[in-house]
Every structure is written in C-alpha cells, then in structure tokens.
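Accompanying notes for the structure given below.
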There are 2 protein chains.
Amino acid sequence: MHVQAVHVESNGEWERTMPAIGTNCFTCQARHRTEWCVLSDDELRLIDDNRVGRELLPGEVLFNEGDDCRGVYCVETGLIGIRKYDAEGNSILLHLSMPGETLGYRALLTDTDFKASAEALEPSRVCFIGNRTVRSLLEQNPALGLRFLKRASNELEEAEEKIFHNVTLSVRARFAHLLAVLIDRTLNETDEAAGAEIRLPISRTDMASMIGTTPESVSRTIRKLEDEGIVHFSGIGGRTLTVPDLETLANEFEPQEYL
Amino acid sequence: MHVQAVHVESNGEWERTMPAIGTNCFTCQARHRTEWCVLSDDELRLIDDNRVGRELLPGEVLFNEGDDCRGVYCVETGLIGIRKYDAEGNSILLHLSMPGETLGYRALLTDTDFKASAEALEPSRVCFIGNRTVRSLLEQNPALGLRFLKRASNELEEAEEKIFHNVTLSVRARFAHLLAVLIDRTLNETDEAAGAEIRLPISRTDMASMIGTTPESVSRTIRKLEDEGIVHFSGIGGRTLTVPDLETLANEFEPQEYL
DNA sequence: AAACCTCAATGACGGTCGTCAAGTGAAACC
DNA sequence: GGTTTCACTTGACGACCGTCATTGAGGTTT
C-alpha cells in the first residue's frame, strides 16, 4: 500500500525516493492553506506515503490541456500558471496558482481530461497525488469533499466576477484591477508594508492575456498610468512595480461611490 | 420536524400548505437531472416535507444580489436568469438556469450572501429548501456533496470557457455561439428536429449582455447573419429563430480545422 | 565582443465596436 | 382612443483598441 500507482505515473523528473527532510506533508509550509487540512494524521500520512514531489523551473510544464488526469498536484512553493491556447497558438493565462492550491481536482472529479495547461512561472515545488489515493480519501472523509466544494464555489465566484469585469470595465480599469490583485497576493505572502516594491511574476504578454487585451495596449496603459503618477515600473524588464497610493489605483476600477 | 425554519423564511408568495398532487419531489419531472437523485427515498422525503414551492411569472425575482442565503432553490419548470448589475444599473445576464438546476448552493456552502440575482425569464416553478435541511443532508449523505462538487466543476469549466471566448472571439463569433447554445438547450428539452423554429427566451439586450456587447451591435450582427442566410429571425420582437444549417452557424465560432 | 534572441516600448494605421440620436412598432396604461 | 413606455432597428460618428512594423535594452550563446 505504498507506491502502487505512482511508479506508472512517474517519470524521470519525479522523485522515486522519499523526499528530503522538511518537505513532507506534515511540515509543508502550505499545509494549513490546503484542502487537506481537514484530514486526520493517519489520513495525511496516506498522502505523504503516496505523493511524489517535483521541482519545476520557470517555463516547465506540469500538465497539458487534453492530458489524462492521473491525480492532483499540490503547490508547495512558487507559482503555477494555468493556461489555455487559442487556435493561433496564443496563450491565455486564466489563473495563478499560489502555494497551498491543489490543481487538477476538477478533472479528477468530472472524470475528464485537463481543460487547461499548467506551467511554472517561478521556481516551484509541487507534489503529485494519484487518483487512487485521492478517491479513497474522498470516500473515507466526507469533509474533504466539502472542502473541495467550497474551493470550487470560491473559484466559480472569481470566474464570474472576471467575466463581469471583462464585460463592464475598460482595458485600463481591468489592468489596474490586475495590478491590485497581484499586489494583494504578494503582500499577503510577504507581509510587507503597503506602497512597497513588488516584483511582478509575469510578463506583459501574460498580463495582457489575463485581462483580454494585447501587450501593446498594456504598454500604452502603463505609460498613461505612469504619466499620471499612479504607478511606477522599474527594474529589468520593467518588472518592478511601485504604487505610491493603493487608493488611487483602486479608484481606477472601483466606481466612485455616488453620493 | 416539519416546517420549522420555513415559516420564518417564507412570505406571502410561497405556499404555506402542502403542494398539489403532481408537484412533489418524487413526481418532479426534473428530479433525475438534479443533484438530489443520489438521495434515498427517506432522504428525499425529508426534502419533500421541508420544501416550499412557488410559481414565478417572467420578471419576478427569486433573490437579489446581496441577500442572505436562507436555502437553495430548485428549478422544476421554466427558466431562471442569473444577473449582476454594474455601477450604472445595467444588468449582465451571467447564466440561464434550466429545470433540474439548484441555485444558491454556493452561497450556502461559502456562508456568504448571494453574489448575483435570480429572476424568472419564463413562467417557472421553483422549490425552496432551507439551509438546515440541506446541511443535514450533506452531513448525512457524502454522495450529495460530491454531486454538487461535480456540478461546481462543470460550471467552473463553463465559466472559464466563457472567459476564453470573450477574450479570443469577435462579437459575431460569440453571438453565433450563443445562438448555438440556445438552440442546443431547447432541442434537448423539446426533442425537436434540427432546423426547426426556436422561440428565444431572452431579449436582445440580455443576449448582448451575455456576450459582453451592446444591443446595437447585436442588431447589426443579426442583420449581417441574416443577409448571409445563416439565420432568420421572425415573429413578434424578432424572437423566433430559424437556422437552416447548424453547421454553417458552427463555422462562425469554431475555427476552421487547419488542414 | 559580436551575434542572436526575447521582451518591452512606441508610432502609424485601420477596423471593430461603443455611443449618441432618431425613428418605428408593439404592448400597456389611463 | 390616445398616450406612454419600452424594446428593437438603423444611421452617423468617433474612440478605443488591435495589428503591423521598428527600435532599443538586457541576457545568453558562441
């Protein structure tokens, strides 16, 4: 009952041995953020015994759209981008997965292939947990299913808000909103003070695809926002972002309260 | 243990007596399409004893964005539209709920208020099931949670495809896709032959909001598609749709296979 | 160090699509 | 019956934004 399906599912890039100290499910720094936090120690051990860890460098692919789902992927550190490709091969960045997020649970539950690709955007550590393990835990502990249900509900809410934004807001407003979200995420991660420098994890092209526009429009929007002193980009590739006042940025996408 | 919380939650529009013959959970025509189909007869009886039915006319509101979630709503017949409103009061139609769909489960699970409004688009019959009943069933029967999880997963997939479409397709392509979806739905419901007349359940304005554009653009798009013989609108309000060839319509949004 | 590559920035151009306005028809109301 | 109202249609205009092409900066390779 230890590494059953894993050997079939693993390839050279995945660990074949037990992971190093400090990187197991019990000491995992993202543990309390995952859905697995409802599991008992025994149940968590089942995962720990059956998982396979992997380090990914930026650009490395975790899975591709259309791949069969053999299990779920739990992000321990780093940042994973979820993409889809259109007919011309352009990629649309749909979602950014932070440490603690589990990917692929939808494909597992609906018994379909992956509907998007996953790729590391920063150096990341990800654990793979095979279908069999997840399914047995879901049967064994109903609370786990409910946790995933909450997660799916939240993601659905996000997705609908995104649809709403794409429809009702301008490129400028959507971009301002994206920046606010990116700032919020990194602040939550690093607990830095507001107004600090943020290192953007994604390219202009990816940011453009996230808000449904082109890199050129993003560049022009950045120019305008800089001219107005709302944001400041610096550093190599213009990937360092400084926002003097978060309120001013928020005004770009939050309609003024009508007095 | 019968109508406990219901009296608090109900108002004059909801039944206070047991529903008429032919409209209970066991004879409900939408029953096999709902998540509740995994329940035992005893469990289903618990719902049947605690539900409250209601008939809605087009335009009547089931719940509003921001309302507290007191339970879920199960669509038995008709059509319910899920809307959000932007700052100027324009509504965006996010989703069409068909018979068998249960609304509000997300707000229940995430313990938040409703993030959108629900309104009848056709004469509809909807049953209300209080929080307490749903929660006890979720605890009692883990399969129910998993069913809702599958449902959420599917909705999420739909939402992400919608985002993808809004970003990558033109107004014309998105409109063609919307028509194809509407045709598909009514055909599945009525089992008519393809190429038949379809009565559109929603206004131009609503269709426009669904694909993220304006009524004017929809009108112009319709004009062009009609000139090319791809679709034909007739009847009052131009709400009767005829599509001679579904393939031709599909070509508008499905990129040509590159040979 | 030169060649090469990727990504970002910027300008020019054009088209799609949103906005404004007027006009029509159908349903609803008094 | 007349008026109002609302949704749809159609036209004119223009802005936003997407496309194409050029340039430059930074990093990597040989």
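Proteins get letters first, then strands, A, B, ... in listed order; numbering begins at 1 in each. As the structure is a prediction and not an experimental result, all values here were calculated from the model.
- Not a single donor-acceptor contact under 3.5 angstrom links the side-chain atoms of B:Arg174 to the base of C:dT16.
- The distance from atom CG of A:Leu169 to atom C1' of D:dC16 is 15 Å, rounded to the nearest whole Å.
- C:dT6 atom C1' lies 13 Å from atom CD1 of A:Ile236, rounded to whole Å.
- With C:dT19, D:dT9, D:dC8 as the candidates, the nucleotide lying closest to the side chain of B:Ser219 is D:dT9.
- At C:dC17, none of the side-chain N or O atoms of B:Ser217 fall inside 4.0 Å of OP1 or OP2 (strictly under the cut-off).
- Counting atom types as modelled, B:Arg204 pairs no side-chain N or O with a base atom of D:dT10 as donor and acceptor under 3.5 Å.
- OP1 or OP2 of C:dG18 has at least one side-chain nitrogen or oxygen of B:Thr214 nearer than 4.0 Å.
- Under the 4.0 Å criterion applied to side-chain N and carboxylate O atoms, A:Glu161 and B:Lys84 are not assigned as salt-bridge partners.
- The distance between atom CZ of B:Phe175 and atom C1' of D:dC8, rounded to the nearest whole Å, is 13 Å.
- Here the P atom of nucleotide C:dG18 and the CG atom of B:Asp86 are 14 Å apart, to the nearest Å.
- The distance from atom CG of A:Asn90 to atom C1' of D:dC20 is 15 Å, rounded to the nearest whole Å.
- A salt bridge between B:Glu228 and B:Arg172 is present, with a side-chain N of the basic residue lying under 4.0 Å from a carboxylate O of the acidic one.
- With hydrogens and angles ignored, no donor-acceptor pair under 3.5 angstrom links the side chain of B:Glu216 to the base of C:dC17.
- Among the nucleotides D:dA7, D:dC17, C:dG18, the one closest to the side chain of B:Thr213 is C:dG18.
- Of the charged side-chain nitrogens involved, none lies within less than 4.0 Å of a carboxylate oxygen, so that A:Arg106 and B:Glu157 do not count as a salt-bridged pair.
- A:Gly235 comes within contact range of no nucleotide atom at all, as no heavy-atom separation falls under 4.0 Å.
- Between the CG atom of A:Leu121 and the P atom of C:dC7 there is a distance of 13 Å, given to the nearest Å.
- Of the listed nucleotides (D:dA7, D:dT10, C:dT10), D:dT10 has the atom at the smallest distance from the side chain of B:Arg223.
- With rounding to whole Å, A:Lys224 atom NZ is found 19 Å from C:dA8 atom P.
- When rounded to the nearest whole Å, the span between CD of B:Glu226 and P of D:dT9 equals 9 Å.
- Looking at heavy-atom distances under 4.0 Å, A:Gly238 makes no contact with the nucleic acid at all.
- To the nearest 0.5 Å, atom CZ of residue B:Arg223 and atom OG1 of residue B:Thr221 are 12.5 Å apart.
- Neither OP1 nor OP2 of C:dT16 sits under 4.0 Å from any side-chain N or O of B:Ser170.
- Salt-bridge formation is not detected for the pair B:Arg204/B:Asp206: no Lys NZ or Arg NE/NH1/NH2 atom is positioned less than 4.0 Å from an Asp or Glu carboxylate oxygen.
- Taking for each of B:Arg220 and A:Gly212 the nucleotide of DNA chain D with the nearest heavy atom, the 5'-most of the two is the partner of B:Arg220.
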